[in-house]
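This report refers to the structure that appears directly beneath it.
Heavy-atom basis, side chains included; hydrogens, waters and symmetry copies ignored. Numbered from 1 within each chain, the chains take letters A, B, ... in sequence-line order.
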Amino acid sequence: MEIVILITFGLLSLSMILIFIRLLMGPTLPDRVVALELLATVIVAITGTYAIFTDRSSFIDVAIVVALTAFLAAIGFARFLERGGPRDD
Amino acid sequence: MMKPGTIILYTAARFLVPLQLLFSVFLLLRGHNEPGGGFIAGLVAAGAFTLYLFTFGAAVTRDLMRVDPRNLIGIGLFIGMLSVFPAVLQGQPFLTAQWWPIMLPGGTEIKLSTPLIFDIGVYLTVVGATMTMVIALTEAEER
Amino acid sequence: MIGFMWNLLLAVTWVVLTGDVGGINLLFGLFIGYLVLGVMQRQIPSLRGYTRRLPRLIKFIGFFVKELVVANLTVAFDIITPVWHMKPGVIAIPLEAKTELEITMVANLISLTPGTLSLDVSDDRRVLFIHAMFLDNEQELRDSLKDLERRVLEILR
Amino acid sequence: MIETLINWIIAGFMLASGIFTLLAAIGILRLPDLMTRMHASTKAGALGVALMMIAAMLHFNDLVVMAKAMAVILFILMTAPIAAHAIGRAGYFVGVPIWVNTVKDELFNRYDSDTHRLRSGLETEEELKGMRASNKDKPRIRVTTKK
Amino acid sequence: MQLAVLVIYLAALLTPWLFVQHQHRTAYMMALVPAALTIWFATHIPLIAGGEILIHEYQWIPGLDISFTMVLDGLSLMFALLICGIGTFIALYAGAYLKGNPAQNRFLVILLAFMGSMLGLVLADNLITLFVFWELTSITSYMLIGFNHQSAEARKAALQGLIVTVAGGLALLAGLVMLAAMAGSYSIQEILGTSEALTEHPLFVGMLICLLLGAFTKSAQFPFHFWLPNAMAAPTPVSAYLHSATMVKAGIYLLARLQPELGESGLWTILLSSFGAMTMLTGAFMAVRSTDLKKLLAYSTIMALGTLTLLLGIGTETAMIAFAAYLLAHSLYKGALFMLAGIVDHEAGSRDVTALGGLRKNLPLTATLVAVAALSLAGIPPLFGFVAKELLLEAMLGDAFHSFIYVFVMVASIFVVTVASVIALRPFFGAFKAPKEQSKIHEPPVAMLVGPVVLVLLSLVAGIIPGTIGQWVTLPASNAVAGNVVEGYLALWHGLNLPLLLSGISIALGLILYKVWDAFRQRLTVLDPIINRGPERGYFWFMDAIVWVAEWQTRWLQNGSMRNYLRTIVLVFVGLTGYTLLTRYQLHWNWDINLYFHELVTVSILVAAAIAACITHSRLGSVAAMGAVGFSVALIFILFSAPDLGITQILVETLTVILLVLVLFRLPSFSNISTTRERIRDAVVALLVGTLIMCLIMITIDVQLFEPISAYQIENSYTLAQGRNIVNVILVDFRALDTLGEIFVLALAAMGVYAMIKFNPDTAPGSNHYAGTLILAEKKLAEKDIIHSLEEIHQKMLEDQNIIAAGAMNNRNAKDDDDDDDESEDANTSSYDNDRPQDDSANSANDENEKEGKPS
Amino acid sequence: MEPIMAIAVGLMYAAAIYMMLRRSIVKLVIGLMLLSNAANLLIFTSAGMTRGAPPLIPEGAIVPDGIVADPLPQALILTAIVIAFGVLAFAVVLIHRAYNILRTDNLDQMKDTDT
Amino acid sequence: MSFEVALPILIPLLTGALCVMFWRYNAIQRALSLAGSIALLGTSIWLMVSVYNQGHVVMHMGNWEAPFGITLVADMLSAIMVVLTGMMAVAIAIFSLSSASPSHERFGYYPLMQLLLAGVAGSFLTGDIFNLYVWFEVMLVASFALLILGGERAQMEGAVKYVTLNLLSSAIFLSAIGLLYGLVGTLNMADIAVKLGQAENPGLVDVIAVMFLIAFGIKAAAFPLFFWLPASYHTGPVAVSALFAGLLTKVGVYALFRVFTLIFNQNVDFTHEILLWMAGLTMLTGVLGAAAQFEFRRILSFHIVSQIGYMILGLALFTPLALIGGVFYIMHHIIVKTNLFLISGITHRLLGTYDLKKLGGIYKSKPFLSVLFLIPALSLAGIPPLSGFFAKFIIIRAGIEANAYVITGIALLVGLLTLYSMIKIWAEVFWKKLPKGIDDTALTEGRTSASTVVLYIPVVLLAICTLFIGLNGQPIYEFAEYSAAQLLNPAGYIEAVLGGSQ
Ligand code: NA
Ligand code: NA
């Protein structure tokens, strides 16, 4: 079981790295925002894995909050774009 | 406010905001025992109102909140302060937690306590403070 | 909605009556309430069709999960293969959904289905613009989306 | 026995979750433009989380945890498309470049970048007239997409 | 005696009220106070002359050994009599002199305050109390010199006097503290009473120099004499009182007071003699080349002060007798002369002797008085000045060293005779010469004449009966200065001896010099360049240096560049902490690394995101990277058992990003203007901080000295605080006070933000002015420094991406005007100028210019 | 883990200081944000890091089972996060206002009150 | 139960909270602010009396015994500081009745002021190092908000620097707390003192001591960390400047006194040597900075820096007399400096500027104001018999008795330069003729308006305090002596806080 968990962690970590590369690369602001959004999603997944790993269900609570609120940043950025803020990407 | 016509966001906000608010109250009430508490709950609620703000604009959000967020700050701080003093009646130092178990009909016991009052104060202050800032900024921009 | 409220009310009554506040008991109360409502629904107009929606919902979830997995695999295949097979584009889908809730549900579910992404709804709410990854066979895609919409509306109406 | 089986199932869900998430990550890195990247992120990401939460449900085998995990799934499924919608829309309208091999753009000719209105194409003449009247000469930049 | 001082201060406080009703007559009423005190002190003469010492004890701050005890002995009595006696006449004089001047009441207040301070100074037994009064005389003197405060010249002179005397005063304070530390007491009586030999003490030299600096500056000894002539900017009563009779003698008083204790030391003798002689000579020389009556008198005062110091330096019993006599003589004739000079000035309209002449017809009494006083100044019998001068010359005839100085004394004596002749003869004899018409010049009111008359008479009487005066007044003072009963007496006639001969020679030579005075002065102009380079230049150099250093320091340190401030502080932090770490701690740590891949990835992303936030050229890219930083931090919290922290971090991060996005809407994009060198320099500074912090953490994780107190909280969280989330229990119960403060922080921040956004000085005009906010003039930036408007930046960006064709903006601008309120539709344009919030209207004018100036 | 964190936190401090030394006020604020994050992590690290043992008392128990992470630094960091949030929100709006009023984002042009 | 130790914090907090609640009603806020300030002064005096009788007054907040919860402790130093806070609160509250404009009031002037006081009082009374951080932040954010109130250009520029450099200080402070906790696992200062006393790594303790030194040095505006102060203090509303000038930097000084007498007293020859250098350079650079200025409040601001040097010098010399001097200096300086700023406010009211070159003629028209200026100004310059002289005298005496001649010499020189600055103000603002073209209607009009009279009340009261300390220094000296004795004997503090539990 532990090995599976570690593999999962590995996969998720790899995902984080790739997402992060996109975050850095851009090239446009929406690209970065999408990457950030996905990063939050991966964190939810990692939190879930971690809850299983440590057998502590309280970490699921963290996942709930992330799932419920992390997208706000994306909405904020979208709003910024739509209001026509200067994009220097 | 978003561009008019984004009914997807409108509807989503109308659904999500009550959900988030409900969840924030949940986080508030059980914070003493599980992850959560007044601050986290307050931020979640503030997030909810911010979503509403982004979707419908400042005026509508003010209407939704009913209380001016600046008043909310004052009320929150005041409630927070209220939890400081009851201990004095017992001759204990300030901030000593007071617990008042209340028996509900049916045998359930609800514990009202100064830490809970304090947490509620924290909650309201956080909501008030965050929304004061965000709404003010948005209004400055909307004008 | 009213149906669900009734169901919940019955469940809570059940909980109070039995005096056991556990989660299992609540679920059981919901179940019993559901059964009771199944009996009562013919008599009360506002409850009509309530119990029928549950099987539909379950069926829909099954359908949706299948779609989700299958389509995901399609996208996944394209992502991991070096050459792009996709033919992306933005298409307009006429909407049958009328209310805000319906439109939003449809749009969101379309977004969740791989290969399609709701971009916007026209100002008069008659057309949904979606970005699709695979426009090889446009008509087939339109049909499947209409099918999805139909299923959603079935649950909601 | 059953426990082992459940453990295998959990393991399967977890691995699947990891793989789907990784796919989303590869997708977001590899795919050529914003729209297609959002395809990858929204679905695969949501699916990854959902699978993981199912694994957690099975693992903890506890009603409260199940409810929480369900809530996570629900929230992710609700918020992901909304965020995608908002970003996608905004990205499209501010003219984020679109992949050269895009075959079709039905939105482009429906979108009046002068009036900033999105027509369905099904309006009657009267409606169109009314629209124009209400929005005459709004100054806007015409955004042309780079192909 | 405390009461005596207090009464004067009370009188000063009452003056403004009395003045409302009695105007200049208040001065006459006030003169009664010192007059009464003079009488009161005079009643003590027999007692003191009998060798008694009167001590009135009074506590002040016993913890600091400061007492208000006052002592009356021969020295202080003589001073007290002078202060109160001359003070009486000065008050009368001032009443008439400043009649009609609306500021007369203020003058009287300060004058009386000065009088009280001076009296306190000479009576105080405690070193610190003495110093208190010492400084008070400096301050009151400042106020008096600057009485004509609207003249820049007066202000400058006042400042000079103040700076010099206070600077000396501070040295004096140090000296007094050292003296007290050495002698073990702050009481002068006790210090004088101890048998301890202070000269052996290692601090002795330092102390002595400090004390002398104080005394020399106050008493205008060379090279600090320059302030005194400038102080003549003060009204004449002030010059007469402070700068001849009393205040300048404070330094002399102090030296005399300490003479019994310190006079033994060879250093004392050498320093006092040489500086005294130098001062004497300088004063005499400068006097002889002056033409202004008050300057003449001022320089001759310097000469007298030098003489007194010289006498103290000589330190023999004869010198002590001479000291007291000379001091009394000088006070009497100099006070009179100053008042008379004031009369001349007041009546004839000038103080320049070369501009005056033949006044004796209009001012016969004045002329007579001046003549008599000048005789005393010149040391001509039978005036008291002669007695004092004889004693002085006699005292000089001690040893070889003093014989050398004798030459100085002779030169000074000759010059003084010349000066006295100039004062007595020039304005009054010869052809009439004055700025005013002859008919308008007449004798002054009685009040102004009372003082000179009495003082001149006293000079005369004392000269005639020097023995009596000596017995009752000066010899007790000499006893006090010597510290024992001196053998000697005062007499007009000491027989034919060397002093008398020398006296005669000096008078003769002085008169000859008077004959050729004008030519002599002409010759002396050759020396002007040297004189101009005198010590006063040092003062100006010092003052300029302060301002120069101050400005240099401000340019260098407080130069307005926040980045410099930051860099300095950071470097100090690194330097000091790093130095401590390296020198006082043996660095050692173990690289016991135990971690999972996902943890490593998380940390790496954290660091990479932080670095990316730094190096990205895009603002929003930076913000997005900050988002990644926040999420990584949250993940670290989650992975290391802090779910509450994880949640909070994510929420806060989200809201922060939202705030940033809301705000960045308005801010310009990054411009890349740092040079590579700057960047490298800053990077090095930053890395130093990073390394330091890393070392610090490495050390603390390796060293855990004690069990954390949280063990108690973990144990009792549920049992005592009824909560299972220990972190929350700590927040709302164990450490609720922290949380209470924290919500107030949040509330305060929100209030601040609200005020910043909504409060706008333009919508509430005048409100800031009312509140006293510093309002700078609107700043005009150089054209090249103006950050171009956001729309330009935006357009440029769009152009770079070939999204819009260049020039599209112009069309837009043309149509901008009839934009209605539906701004929110603005999706892909930034019509910045139009939908800017109202509170920016402060700058709208600016923008208009900017827009107009832009080619379209 | 802690040594790696030490390096990471050190680098974050470096990044923060570097950003604060830039001319742009936006970068300044970003530097401040990095700094507050870094300080929180410093507390977290130097108090010792524990895996998988959140300081929660399970239902039914009166003390946590086994060793749990030190809750006190967590409470401190939570407080610090909130305070930093307030302060940084203020700072963010401050630079916004400062820019609006001064028309520059360049720190080197804000020297009027000093000279 | 010793409520008096918590009330000076809770009263302004409550007043502040109520003011926020009634933010729409200026009159209520005004009344609340005045009442709260008077109550603060009252309780602080109560506290002082208790401390005088009991030595230390302690309250374990939340009834958690000493190292586990947060303990509030008052020794004489704290009590003195709190009383001064109360005095300043009343003075500023009265001054504000006339000086605060309705728009400032509407935007939180009073609650910000009250919460600033709460932060200050909290810093003085807490016995917990992290709680000290929290109160610092309360104070800091309140001061941020007060500083920008008005939204002028100068305020924004000043605030950017003030905020940034203070946040840097907070970050260093917080880092030091984190490291300290990692080292000893406790936050209660008495407990820290006990445990560091047993620590085997004195070098490490020094490192952390230096970090605290720098963090507090920034707050206290010591050399070379003071830049934020002269850049910002003169930009805000004048009553705010006055309060800042009196109290804020003293909190940093207080923290230095507290930490370097209670906690870091093992390696005095190292830590206090650094303090000594810091003190000397602070005095010198501050006073030289002022010499170059021609703006009323900026001169005063630079002098704050310079005088901070004297206070730190008292700590650095670390003899009983020196500590007495430091405490005495703090007492004197708070009163005097606040008063000078208030007077600058009155002159601003009269002539509408702070620029010395544009001011003038006040001595002629307003002799009473001139006297009111001279009292604190000369006191600041250390002219006897005003409070500043005794403060300076004690320090100089301590310096000489400790054979620290160079630093004493600097202290004396700085005294001279301080006088120079004060005289510069006097000559330019009061003596000089009013320059042409300056509107002098407010200056020359015969009767003083009621609102201006209100401005005079606190100035007169503070001047009386200055005179009182000068003319009757013994009781004040005894307070300082009492507190110095306590500071030099940390065992008493530790015993009072930890009781039998150590
Ligand atoms: Na908290
Ligand atoms: Na440790």
Main-chain N/O of Leu687(E) paired with Thr691(E) side-chain donor or acceptor, under 3.5 Å
yes

What pair of heavy atoms forms the shortest contact from Thr50(F) to Ser641(E), and how long is it?
O-OG, 2.6 Å

Could you tell me which of Thr719(E), Val689(E), Val729(E) has the largest number of non-hydrogen atom pairs under 4.5 Å with chain F?
Val689(E)

Contact between Met49(F) and Met5(F) at the side-chain level, heavy atoms closer than 4.5 Å - yes or no?
yes

Under 3.5 Å, is there a donor-acceptor pair between the side chain of Thr602(E) and the main chain of Ile636(E)?
no

If I measure from the heavy atoms of chain E, does Leu34(F) come under 4.5 Å with its side chain, its backbone, both, or neither?
both

Which answer fits Ile95(F), side chain, backbone, both or neither, if we ask what part of it has an atom under 4.5 Å from a heavy atom of chain E?
both

Please classify the contact of Val607(E) with chain F as side chain, backbone, both or neither, using a heavy-atom distance under 4.5 Å.
side chain

Could you look at Val570(E) and say if it's the side chain, the backbone, both or neither that has a heavy atom under 4.5 Å from chain F?
side chain

Check each atom of Pro73(F) against the heavy atoms of chain E and say whether the ones under 4.5 Å are side chain, backbone, both or neither.
neither

When heavy-atom pairs shorter than 4.5 Å are enumerated against chain F, which of Ile593(E), Val684(E), Leu696(E), Leu651(E) gives the highest number?
Ile593(E)

Among Tyr596(E), Phe640(E), Tyr718(E), Phe734(E), who wins on heavy-atom pairs under 4.5 Å with chain F?
Phe640(E)

At a heavy-atom separation under 4.5 Å, does Leu94(F) approach chain E through its side chain, its backbone, both, or neither?
both

Check the pair Gln649(E), Asn37(F) against side-chain hydrogen bond (donor to acceptor under 3.5 Å, both in side chains), reporting the backbone distance first and the verdict last.
CA-CA 9 Å; Gln649(E) 176 76 26; Asn37(F) 272 321; 3.1 Å; yes

Against chain F, label Leu645(E) side chain, backbone, both or neither, depending on which of its atoms sit under 4.5 Å from a heavy atom there.
both

Let me know if Phe573(E) has heavy atoms under 4.5 Å from chain F in its side chain, its backbone, both or neither.
neither

Flag, side chain of Ser622(E) to backbone of Ala613(E), donor-acceptor distance under 3.5 Å
yes

Can you tell which of Ala15(F), Ala53(F), Pro55(F) has the highest number of heavy-atom pairs within less than 4.5 Å of chain E?
Pro55(F)

Heavy-atom pairs under 4.5 Å with chain E, option from Pro54(F), Ala80(F), Ala16(F), Gly31(F) with the top count:
Pro54(F)

Part of Ala61(F) lying under 4.5 Å from any heavy atom of chain E
backbone

Applying a strict 4.5 Å limit to non-hydrogen atoms, the region of Glu678(E) in contact with chain F is both

Checking Ile709(E) against chain F: side chain, backbone, both or neither under 4.5 Å from a heavy atom?
side chain

Could you have a look at Ile743(E), Ile730(E), Leu774(E) and say which one has the most heavy-atom pairs with chain F under 4.5 angstrom?
Ile730(E)

Give, as side chain, backbone, both or neither, the part of Arg567(E) having an atom under 4.5 angstrom from any heavy atom of chain F.
both

Just by distance, do the side chain of Ser717(E) and the backbone of Ile714(E) share a donor-acceptor pair under 3.5 Å?
no

Highest number of heavy-atom pairs under 4.5 Å with chain E among Leu28(F), Asn40(F), Asp70(F), Val63(F) belongs to Asp70(F)

Options Asp682(E), Asn564(E), Ile638(E), Leu659(E), ranked by heavy-atom pairs under 4.5 Å with chain F, top entry
Asp682(E)

In terms of heavy-atom pairs under 4.5 Å, which option from Gly741(E), Gly723(E), Cys695(E), Gly690(E) contacts chain F the most?
Gly690(E)

With a 3.5 Å distance limit and no angle check, can you tell me whether Arg97(F) reaches the backbone of Met756(E) through a side-chain donor-acceptor pair?
yes

Which pairs, with at least one residue in residues 43-90 of chain F and sequence neighbours excluded, count as a ring-ring contact (aromatic ring centres under 6.0 Å, His included)?
Phe637(E)-Phe44(F), Phe90(F)-Phe144(G)

Winner by heavy-atom pair count (cut-off under 4.5 Å) against chain E, out of Thr45(F), Ile30(F), Leu88(F), Val68(F)
Ile30(F)

side-chain contact (heavy atoms from CB on, under 4.5 Å) with Asn594(E): which residues, sequence neighbours excluded?
Arg51(F)

Compare all side-chain heavy atoms of Thr79(F) with those of Glu742(E) and state whether any distance is below 4.5 angstrom.
yes

Check: Asp644(E)/Asn725(E) side-chain N/O donor and acceptor closer than 3.5 Å
yes

